[in-house]
Amino acid sequence: MLKQAMELLQTEKAFNPVITLLDWYDLNRRELPWRHAQPDPYHVWLSEVMLQQTTVVAVTPRYARFLERWPDIQALAEASLDDVLHEWQGLGYYARARNLHCCAQHIVAQDEGRFPDTEKALHDLPGVGDYTAAAIAAIAFGEPVAPVDGNVIRVISRLDALEQIMPTGKQVVQKRVTRLVPEDRPGDFAQAMMDLGAIVCTPRNPKCEICPWEEACKARAGGDAQSYPRKAPKKHKPTRYGVVFWLTDRSGRVMLRRREEKGLLGGMMEFPSTEWLEQAQSSEDVAFQAPVSDVVWKELVGPKKALEAIAIKDSHLF
DNA sequence: AACACGGGGTT
DNA sequence: AACCCAGTGTT
């Protein structure tokens, strides 16, 4: 039929964003430790949780160590929470490690070790939200769903020049990207979207010249891709200042204290410090808050950088 | 909708 | 020094 031939011709010529993206992904496929042809759900789960708010560079060596120590979910379930938290040390968001351990025990005990295999079931796990449930479902089980993270929000906002304020308008992105998911390669599509956002469609100075979607991108056409996604003005977070105390005894041991069980870094050890206020305190106020008073405190001038590192000046952290 | 939760990066 | 980045859970 002539009509069919015309349609075929058109589909061949028309720009197909999904095909174009998957071709780009296949050409640039990065070999990462958590990439496999037949991904182990446990591996995908661990990598996705570890990658929450954490860079690939930071995750790569830690992921390898973690799997070496606990190669499967049974092994993780048998580990002590303390060991898991120590293995997680330095990665931040320690609730992730607690949830991981809790999930492992639950799955091994209640479900005979059978890993939840649908987006819906995955979402019930503590520490697995919208993004991670969709990511595991697509990558490990081939379910045609689309994880939406910051990368995907950025890529889709630019593709369609969405004026919705993000992340409030995340639903619009979710619907749009879900329509794009190819039935045959949902996992590759998910990873390709995130790679595109991480490598090409970056928050600042996006590399539009090498983007597989350049000709389709509305924001690019408008000449200001970087201004997407639209965002609400952020609240001011004032810097807070404090002093950390470094106290050693004759054998060189350093004084630590344990934080409250609830709240930030609950139950973990820290250096004694003053309150954290928006204005630097007087030396009298600092001395009053010192853990011991019958010593002569010396201000560390040389290693001040180290002190700053310990103090973590970032206002919203302390 | 706003905030808490740690770590990293760029300007 | 100031700013940006951004999943999950709680409120």
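Proteins get letters first, then strands, A, B, ... in listed order; numbering begins at 1 in each.
Contact of Y131(A) with dG7(C) (side chain to base): no donor-acceptor pair of N or O atoms is detected under 3.5 Å.
Nucleic acid contact for R98(A): none, since no nucleic acid atom lies under 4.0 Å from a heavy atom of the residue. Within the 4.0 angstrom heavy-atom criterion, only backbone atoms of the sugar-phosphate kind lie near K231(A); the bases stay farther away. Within 4.0 Å of P126(A), counting heavy atoms only, lie sugar-phosphate atoms of the nucleic acid but no base atom. Within 4.0 Å (heavy atoms only), V128(A) reaches sugar-phosphate atoms of the nucleic acid but no base atom.
A close approach under 4.0 Å does occur between a side-chain nitrogen or oxygen of Y94(A) and OP1 or OP2 of dG7(B). Taking side-chain N and O atoms only, T55(A) has no distance below 4.0 Å to OP1 or OP2 of dG7(B).
Taking the six-membered ring where the residue is Trp, Y42(A) and W45(A) present tilted rings, their angle falling between 30° and 60°.
Nucleotide dC3(C) holds its C1' atom 14 Å from the CD atom of Q226(A), rounded to whole Å. Whole-Å rounding puts the Q53(A) CD to dC4(C) P distance at 16 Å. Counting to the nearest Å, the C1' atom of dC5(C) and the CG atom of L51(A) are 14 Å from each other. With rounding to whole Å, E48(A) atom CD is found 15 Å from dA6(C) atom P.
A residue-by-residue look at V57(A) and Y93(A) shows that Y93(A) has its nearest nucleotide of DNA chain B further toward the 5' end. Between Q52(A) and T168(A), the one whose closest nucleotide on DNA chain B sits nearer the 5' end is T168(A).
Applying side chain to side chain contact (heavy atoms under 4.5 Å, CB included) to P229(A) and the options K170(A), Q164(A), M166(A), E163(A) leaves one that passes, M166(A).
The shortest side-chain heavy-atom distance between K207(A) and T202(A) falls under the 4.5 Å cut-off.
Applying the 6.0 Å contact sphere to CD of E183(A) captures no more than 12 heavy atoms from other residues, nucleotides or ligands.
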